[in-house]
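Scroll down for the structure; my scribbles are underneath it.
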Amino acid sequence: MKVFVSHNKTLINNSLRRWAVDAKICKHITFHTSRHTFATTLLATGTDLYTVCKLMGHKDVSTTAIYAKIIDETRVKAVESLDHKEAVAS
């Protein structure tokens, strides 16, 4: 299933901006940020790295591994944000 009919980044960026406005998203959205969100969302929900690699069209899994590092850093920050005093007292 294709989300975009065209491969023209200008047309895609225009569509993304309209969708962002409709969704009341105030962040600058581009084709690159949409790919980044797609990859990190797949990894965060448990999709394996090899599958994400193929869906992204990467030739080498090391390129996709950059997204996995972002997910790992997010998980570490989540654990570090816990109040360690409360965790120990429990």
Side-chain angles (χ1 to χ4, degrees):
M1 177 175 114
K2 290 187 179 183
V3 175
F4 300 106
V5 177
S6 171
H7 290 286
N8 180 313
K9 286 186 183 179
T10 301
L11 293 175
I12 292 171
N13 285 335
N14 288 339
S15 294
L16 289 169
R17 287 186 188 107
R18 281 194 307 275
W19 294 347
V21 168
D22 290 347
K24 296 180 176 45
I25 297 171
C26 298
K27 183 178 178 180
H28 179 70
I29 306 292
T30 65
F31 179 74
H32 176 76
T33 57
S34 69
R35 284 180 52 84
H36 178 84
T37 301
F38 177 70
T40 55
T41 301
L42 287 173
L43 290 167
T45 57
T47 305
D48 67 277
L49 194 60
Y50 181 77
T51 300
V52 176
C53 176
K54 294 304 170 191
L55 289 169
M56 295 291 291
H58 294 157
K59 293 179 182 177
D60 191 328
V61 75
S62 65
T63 304
T64 314
I66 295 166
Y67 296 103
K69 182 180 178 197
I70 292 166
I71 296 301
D72 289 341
E73 289 172 0
T74 302
R75 290 176 181 158
V76 167
K77 286 179 185 176
V79 172
E80 288 174 349
S81 72
L82 295 174
D83 184 352
H84 294 289
K85 292 177 186 175
E86 287 184 26
V88 172
S90 299

Original post:
With distance as the sole criterion, is a donor-acceptor pair present between the side chains of Asp60 and Thr63 under 3.5 Å?
Top reply: no
Subject >> Euclidean distance, Asn8 CG relative to Ser15 OG, rounded to 0.5 Å >> reply: 10.0 Å
**OP:** Any chance you could measure Leu55, atom CG, to Arg35, atom CZ, to the nearest 0.5 Å?
**Re:** 10.0 Å
Original post:
Side chain of Thr37, backbone of Ser34: donor and acceptor closer than 3.5 Å?
Top reply: no
Subject >> Spacing of NE2 belonging to His58 relative to CG belonging to Leu49, to within rounding of 0.5 Å >> reply: 10.0 Å
Original post:
So, does Thr41 use its side chain to make a donor-acceptor pair with the main chain of Phe38 at under 3.5 Å?
Top reply: no
Original post:
Do the ring planes of His36 and Tyr67 sit parallel (below 30°), tilted (30 to 60°) or perpendicular (above 60°)?
Top reply: tilted
**OP:** For Thr40 and Ile71, work out which heavy atoms get closest and say how close.
**Re:** O-CD1, 3.4 Å
**OP:** Report yes if some heavy atom in the side chain of Arg75 is under 4.5 Å from a heavy atom in the side chain of Asp72; otherwise report no.
**Re:** yes
Subject >> Between CZ on residue Arg17 and NZ on residue Lys27, distance to nearest 0.5 Å >> reply: 13.5 Å
Original post:
For the hydrophobic clusters of this structure (ILVMFWY residues joined by side-chain heavy atoms under 4.5 Å, transitively), does one cluster hold both Ile12 and Val21?
Top reply: no
**OP:** Taking all non-hydrogen atoms of both residues into account, name the closest pair between Ile29 and Ala20 and its distance.
**Re:** CG1-CB, 3.8 Å
Original post:
Hey, does Leu16 have a side-chain heavy atom less than 4.5 Å from the side chain of Asn13?
Top reply: yes
Original post:
Which distance, rounded to the nearest 0.5 Å, do you find between the CD1 of Ile25 and the CH2 of Trp19?
Top reply: 11.0 Å
